[in-house]
Amino acid sequence: HYNVDLYAGGISNRNGGFLMSYGFHGKILEIDLEKGTFQDREISDSEAEKYFLGSGLSAKILIEETDPDLDPMSPDNPLIFMRGLFNGTPVPGSPKICLSAKSPLTGIWGEAAAGGHWSATFSFSGYDGVIFRGRAEKPVYLLLDNGRPSLKAAEHLMGKDTFETDRILKEELGDDIVTASIGPAGERGSLIASVMFDGPIARAAGRCGMGTIMGIKNLKSFVVRGNKKVPLYDEQTLKTQIKSQVKDILANAKALSDFSTAGGVEAVEFWGDLPIKNWYLGSWAEGATKTCGQTFLPKTKVKSYYCYKCPIGCGKIVEIKSGPFAPLYGHGPEYETIAGFGALCLVDDYEAVIAANEACNRLGLDTISASAVVAFAMEAYDKRLLTKDDIGFEAKWGDGVAVVKLTQLIGKVEGIGKLLAQGVKRAAEELGPRAQEFAVHTKGLEYPMHDPRAFVSMACNYATANRGACHLEALSYFLGRGIPLADLGYTEPPDPHTQEGKAKICVDMQNFQGIFNPLGLCKFLFLARVGPSIVADWVRAATGWDYDQDRLMETGERLFNLKRLYNTRLGMTRKNDVLPPRLFAHARPDGKAGGVLPHLGKMLDEYYQLRGWTEDGVPTPDKLEELGLKPFEKAIE
């Protein structure tokens, strides 16, 4: 059953009274896929004010309502879609929907976010979140039509890629719907499967295997149509604030508007931050030039793509009409994908990189994990741990065709792809101790394409980030490259290679970035010089809550600690806060970061002290009480 009675953002409570909320609708839809039933649950104003929405409220729900011994591959593993507090509002750069669950790839806290227009349309459905439980007997998709949910048969969609799925559903339901679908990778149990939004526009909730969970649940797609406005406390003030800020945002983000994140490849290489040949080499200037956005976009770009209410337009739609990878049309590769399928594999053919990106988008793969495991396979082949007979073809460094073939096998979970689809950690365990020496992951999550030897504050972040190796939990390398954050006192770039002060940078940046997903904000607003004081102003105008910069940062700290508690009760401590061998024992041989190795132990000591945790990395009762997390203290017992 379900309740769709909404009026100006208020919800009917159990006593028939009327509650008024701003910035959110106050409702989550819970779905039992096995029984095919629906149930509403309320979100209190105090919950939303304390945890925001997105991954914040989701973390509270999952730590309260799931057993630590839960098998992440079980249908009982809940999957939460939760809108960010700013989704569907005039706030610029606020398109991020967040998916949260116990990760089937890592076995710990898992979250993934995607931009585009899906989150806004979902925000107009009248719901703030949906929790999927159980497994449908037969393949289904959820249609949430202006707040009215129904489960529809999806047998005819099985085996279809995400572009085809989007096309078929729009033919059946109309062009005003938006889709969040899995491809063959999720259907067939790849642990690095993503959830793909909006067909060829291809916005991805990539990390941690959220697409895997949809596959386990026999859930092919989540389809939404909506027109219910998100209620705002002071919409006019919010719009006035934004109007005065947009000019600066656009000026500071001009490079993103021109070339997307693909325009940063050469700069990242200059800093020694680009991972080359599975993190082994130090320089690749010519290859970076050949694969950067400045080179391929003038030849392939069709148009720019703008996420909902974002003035930047950093997305680029590209097309290849001829050659071995044609025809091809869809969202162009971003920096992470270019670095992964390019430099990490020594491939300087941008068309091959674009083709590998499209294979991931169609099949439903995380491009970061997929490119990492492809590079791992190429090194395993180079070291003769995998043979031509194992793979079916040669997998030599720099072979773009081989990279695309490997990606397709991983997405289809066929041949050698059955092994590689389980991620770097499991593939290395299968191949033996020598392979584990070049398996680049932390806590089972493959590394994004920023080197902690180039900006050592990232070593501290990668080791402690809650979902494993994740650059987005801190983005501290931006400070090293000269992006200021004056609100927190960072006006001059710190030395990128020394250890001093880096633990504090890590803490500050994790706390700041920790509010982005719960608010639905794109983290690249940091590049546009949006700091916590501006964000706090937006929170006040949207919700009416008494938020300033200090309270915003405290909320970020609370949410980071809450996710740490989720992992603590799973046994995660200092012993898990590590770097892989290649990044702590092998220095880059040349380039700007040549010879640098992070002193992680020293940084962790300081980091835990600043966090108010034990020397073993466990939050203390005093810290939990300070942050209003005392009810979760049992996680550290």
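These figures come from a predicted structure and were not determined experimentally.
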Output field: ring centroids [X]/[Y] closer than 6.0 Å:
| X | Y | value |
| --- | --- | --- |
| Trp613 | Tyr607 | yes |
| Phe376 | His441 | no |
| Trp271 | Phe455 | yes |

Using a strict cut-off of less than 4.0 Å between a Lys/Arg side-chain nitrogen and an Asp/Glu carboxylate oxygen, indicate whether [X] and [Y] qualify as a salt bridge.
| X | Y | answer |
| --- | --- | --- |
| Glu626 | Lys623 | yes |
| Lys602 | Glu500 | yes |
| Glu430 | Arg426 | no |
| Glu606 | Lys504 | no |
| Glu286 | Lys290 | yes |

For residues Gln294 and Gly263, report the shortest heavy-atom separation together with the two atoms involved.
NE2-O, 3.0 Å
For Ala474 and Gln513, which heavy atoms make the closest approach, and how far apart are they?
O-CG, 3.4 Å
So, [X] and [Y]: side-chain donor and acceptor under 3.5 Å apart, yes or no?
| X | Y | result |
| --- | --- | --- |
| Ser283 | Asp590 | yes |
| Asn511 | Glu557 | no |
| Thr289 | Glu266 | yes |

Classify the ring geometry of Tyr280 against His586: parallel below 30°, tilted from 30° to 60°, perpendicular beyond 60°.
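Ring orientation of Tyr280 relative to His586: parallel.
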N/O donor-acceptor pair under 3.5 Å between Arg467 side chain and Trp109 backbone
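No, the answer is negative, given that no donor and acceptor are paired below the 3.5 Å cut-off.
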Against Asn461, only a single residue in Gln510, His471, Glu473, His450 fulfils side chain to side chain donor-acceptor pair (under 3.5 Å); can you say which?
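The option that passes is Gln510.
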Aromatic Tyr566 / basic Arg564 pairing, under 6.0 angstrom, 45° off normal
no
In sequence, state the C-alpha distance, the side-chain angles, and the governing distance for Asp616 and Tyr608, and then conclude on side-chain hydrogen bond (donor to acceptor under 3.5 Å, both in side chains).
CA-CA 8 Å; Asp616 203 30; Tyr608 295 151; over 6 Å; no
Passes side-chain hydrogen bond (donor to acceptor under 3.5 Å, both in side chains), Lys102 versus Thr106? Steps please.
CA-CA 8 Å; Lys102 190 175 188 179; Thr106 65; over 6 Å; no
